[in-house]
Structure formats: C-alpha cells, structure tokens
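Step one of this worksheet: look at the structure below.
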Amino acid sequence: MPDYVETNFDEKSGIVPYKAPWGRWWQTVAEVHAEVDIPAGTKSKFIQVTVKPSHIKVVVLDKVIIEVSKTSMGKLYAVVRTDETVWTLEDKKILHIVLSKADACSKETLWEGLLADDFLADPWTAQEMRKKLDLERFQIDRWEEKQKALRAENPPQTCQVDDQTDQPEEQSVESEGS
C-alpha cells in the first residue's frame with residue numbers, strides 16, 4: 001500500500017463508531033477519529049490537545065477529558081504520527097481529532113480501542129470495524145491495480161531532442177536590387 005491514498009471511504013460508506021463517555025471514536029485504514037462532545041459555545045482558545053506517539057491529552061475549559069501517557073495505566077492503542085495530527089472545532093460544540101496511524105501500511109491496522117486498556121470496542125463493534133477496514137483495503141488495492149494497468153497501457157512520454165533543431169537555421173534573404 002502506498003504511503004497515502006485518499007479514498008474518503010468513511011464519507012462514502014459511513015462509519016462504525018464506538019460510543020465513549022466523552023463522545024465517540026472510529027477508524028479508517030490510515031486514521032483514527034475521535035469526536036469529543038464539549039460545552040456549546042466553547043472557543044478554540046479554551047481547548048488543548050497534546051499528542052505524542054503513544055500519548056494523548058485533551059483539556060477543555062481546564063477539565064481533562066482524555067489523558068493517557070506512558071506513566072499512566074494505559075496508552076494509545078497503537079503509535080500515531082504526531083506531526084500529522086489535526087483537530088478542529090465544529091459548531092463550537094464538537095472537538096474532532098484526527099490521529100494518523102503510524103502502521104497504516106501494515107496489513108493489520110485495526111484498533112480494538114482508542115486506548116490500549118480503555119474505550120475498547122465490544123466484540124460486535126470490533127467485528128464491524130474490521131469489515132469496514134477490509135472493504136476499504138479492498139478498495140485501495142483495486143485503485144492501485146487500476147493505476148498500475150493505466151501506467152502499463154500508457155507509459156510516460158519522453159521528449160527526445162533533435163540535435164539539428166538546436167541549430168539556428170540559416171536564412172536567405174532576397175532583396176531587389178536597385
């Protein structure tokens with residue numbers, strides 16, 4: 001699988017969310033999404049989101065909503081790419097956090113929980129998440145096969161420089177004599 005393939009799979013086929021006390025989370029092959037319910041009207045300056053490879057801390061209005069670190073009992077279910085983490089405030093009432101899976105290129109990318117020991121999906125939800133990821137992986141594989149076939153049918157054109165065209169042409173000028 002390439003480093004990144006934009007599929008918008010979750011938008012096209014829906015999501016399989018896990019309902020948590022603070023909101024919900026779901027996943028795609030490459031990302032984990034967490035939506036945190038926050039008090040209506042909250043401004044972004046009152047939100048702090050800290051993400052490290054195995055750590056997440058979410059503070060809203062000076063109240064810790066989610067916190068996990070190596071020193072606490074749990075940690076994120078798997079490692080994330082911190083430099084690709086994005087969070088947005090939606091309608092001043094939902095904090096949407098997107099975590100990029102560090103192992104997105106591996107075959108087994110299912111997170112059974114947001115954290116290694118908390119917010120774990122029940123068996124039915126985990127199975128539905130697995131089905132979604134398998135379907136998304138199939139879609140990515142098909143897209144890659146089509147791209148490979150297109151490249152085989154239409155190899156890139158190369159430009160050949162003709163040495164003679166680099167030479168200025170001699171011009172003959174005819175003039176009428178007097």
Side-chain angles (χ1 to χ4, degrees), residues 1-140:
M1 188 166 92
D3 204 24
Y4 182 73
V5 174
E6 179 67 44
T7 62
N8 296 326
F9 188 81
D10 54 336
E11 292 175 12
K12 293 177 184 176
S13 68
I15 60 172
V16 178
Y18 170 80
K19 185 76 174 134
W22 42 261
R24 64 185 185 159
W25 72 270
W26 71 92
Q27 62 188 306
T28 65
V29 167
E31 300 170 334
V32 175
H33 296 254
E35 282 188 350
V36 180
D37 298 324
I38 60 175
T42 302
K43 294 184 180 183
S44 62
K45 67 182 180 179
F46 297 112
I47 299 172
Q48 296 172 324
V49 177
T50 306
V51 177
K52 295 181 181 172
S54 296
H55 169 95
I56 186 168
K57 183 176 183 179
V58 178
V59 179
V60 179
L61 298 170
D62 296 323
K63 179 182 175 192
V64 176
I65 307 296
I66 304 172
E67 181 175 25
V68 176
S69 69
K70 292 179 182 177
T71 58
S72 68
M73 290 292 290
K75 59 182 181 177
L76 284 171
Y77 192 82
V79 178
V80 297
R81 295 181 180 148
T82 58
D83 57 336
E84 295 179 17
T85 298
V86 177
W87 67 267
T88 57
L89 178 58
E90 298 174 5
D91 301 326
K92 294 186 178 181
K93 63 181 180 180
I94 297 174
L95 171 61
H96 186 173
I97 305 167
V98 182
L99 304 168
S100 181
K101 295 178 180 178
D103 63 350
C105 293
S106 73
K107 205 65 170 160
E108 186 56 47
T109 60
L110 177 72
W111 284 31
E112 293 180 17
L114 181 63
L115 311 179
D117 60 358
D118 205 359
F119 313 122
L120 297 171
D122 59 86
W124 183 86
T125 302
Q127 179 62 26
E128 292 301 307
M129 286 179 173
R130 183 175 302 281
K131 286 183 200 176
K132 277 283 191 204
L133 293 183
D134 289 346
L135 193 56
E136 182 180 2
R137 252 188 238 104
F138 176 75
Q139 180 182 2
I140 291 168

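Looking at Trp25, its side chain never comes within 3.5 Å of a backbone N or O of Gly113 through a donor-acceptor pair. Distance alone, capped at 3.5 Å, places no donor-acceptor pair between the Asp91 side chain and the Lys93 backbone.
Ion pairing between Arg137 and Asp134 holds under the 4.0 Å rule for side-chain N and carboxylate O.
With Lys101 as the fixed residue, the side-chain hydrogen bond (donor to acceptor under 3.5 Å, both in side chains) test singles out one of Gln27, Glu84, Glu31: Gln27.
Pro53 has its side chain out of reach of Val80: every pair of non-hydrogen atoms, C-beta onward, lies at least 4.5 Å apart. Within the 4.5 Å cutoff, side-chain heavy atoms of Ile15 are placed close to those of Arg24. Proximity of Ser44 to Leu89: side-chain heavy atoms (C-beta onward) are separated by under 4.5 Å at one or more points. Contact annotation: the side chain of Val49 never approaches that of Lys57 to less than 4.5 Å [non-hydrogen atoms, C-beta and beyond]. With contacts defined as side-chain heavy-atom distances shorter than 4.5 Å, the pair Met129/Thr125 qualifies.
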*Please report the C-alpha distance between Tyr77 and Glu112 in whole Å, then the side-chain angles of each, then the deciding distance to 0.1 Å, and finally whether the side-chain contact (heavy atoms from CB on, under 4.5 Å) criterion is met.*
CA-CA 7 Å; Tyr77 192 82; Glu112 293 180 17; 3.6 Å; yes
*Quick one: do Asp103 and Val79 satisfy side-chain contact (heavy atoms from CB on, under 4.5 Å)? Show the steps, please.*
CA-CA 7 Å; Asp103 63 350; Val79 178; over 6 Å; no
_For Trp22 and Glu35: C-alpha separation, side-chain torsions, deciding distance, then whether side-chain contact (heavy atoms from CB on, under 4.5 Å) applies._
CA-CA 8 Å; Trp22 42 261; Glu35 282 188 350; 6.0 Å; no
*Please lay out, stage by stage, how Gln48 and Val58 fare under the test side-chain contact (heavy atoms from CB on, under 4.5 Å).*
CA-CA 6 Å; Gln48 296 172 324; Val58 178; over 6 Å; no
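Here Ile56 contributes atom CD1 and Lys75 contributes atom NZ; the two are 15.0 Å apart, rounded to the nearest 0.5 Å. Taken from CG in Leu95 to CD1 in Ile65, the straight-line distance is 9.0 Å, to the nearest 0.5 Å. Annotation: the span from Ile66 atom CD1 to Leu115 atom CG amounts to 7.0 Å, rounded to 0.5 Å.
Across all their heavy atoms, Val16 and Lys132 have their closest contact at CG2-CG, 3.5 Å. The two residues Ala121 and Ala126 have their closest heavy-atom pair at CB-N, 3.9 Å.
Qualifying side chain to side chain contact (heavy atoms under 4.5 Å, CB included) partners for Thr42, counting only residues two or more places apart in sequence or in other chains: Ile38, Pro39, Phe46, Ile47, Val60, Leu61. Residues satisfying the salt bridge (Lys or Arg N to Asp or Glu O under 4.0 Å) criterion with Lys92, sequence neighbours excluded, are absent altogether.
Summarising the local packing, CG of Asp83 is surrounded by more than 12 heavy atoms from other residues, nucleotides or ligands at distances under 6.0 Å.
Taking the ring centroids of His33 and Trp111, they lie at or beyond the 6.0 Å cut-off.
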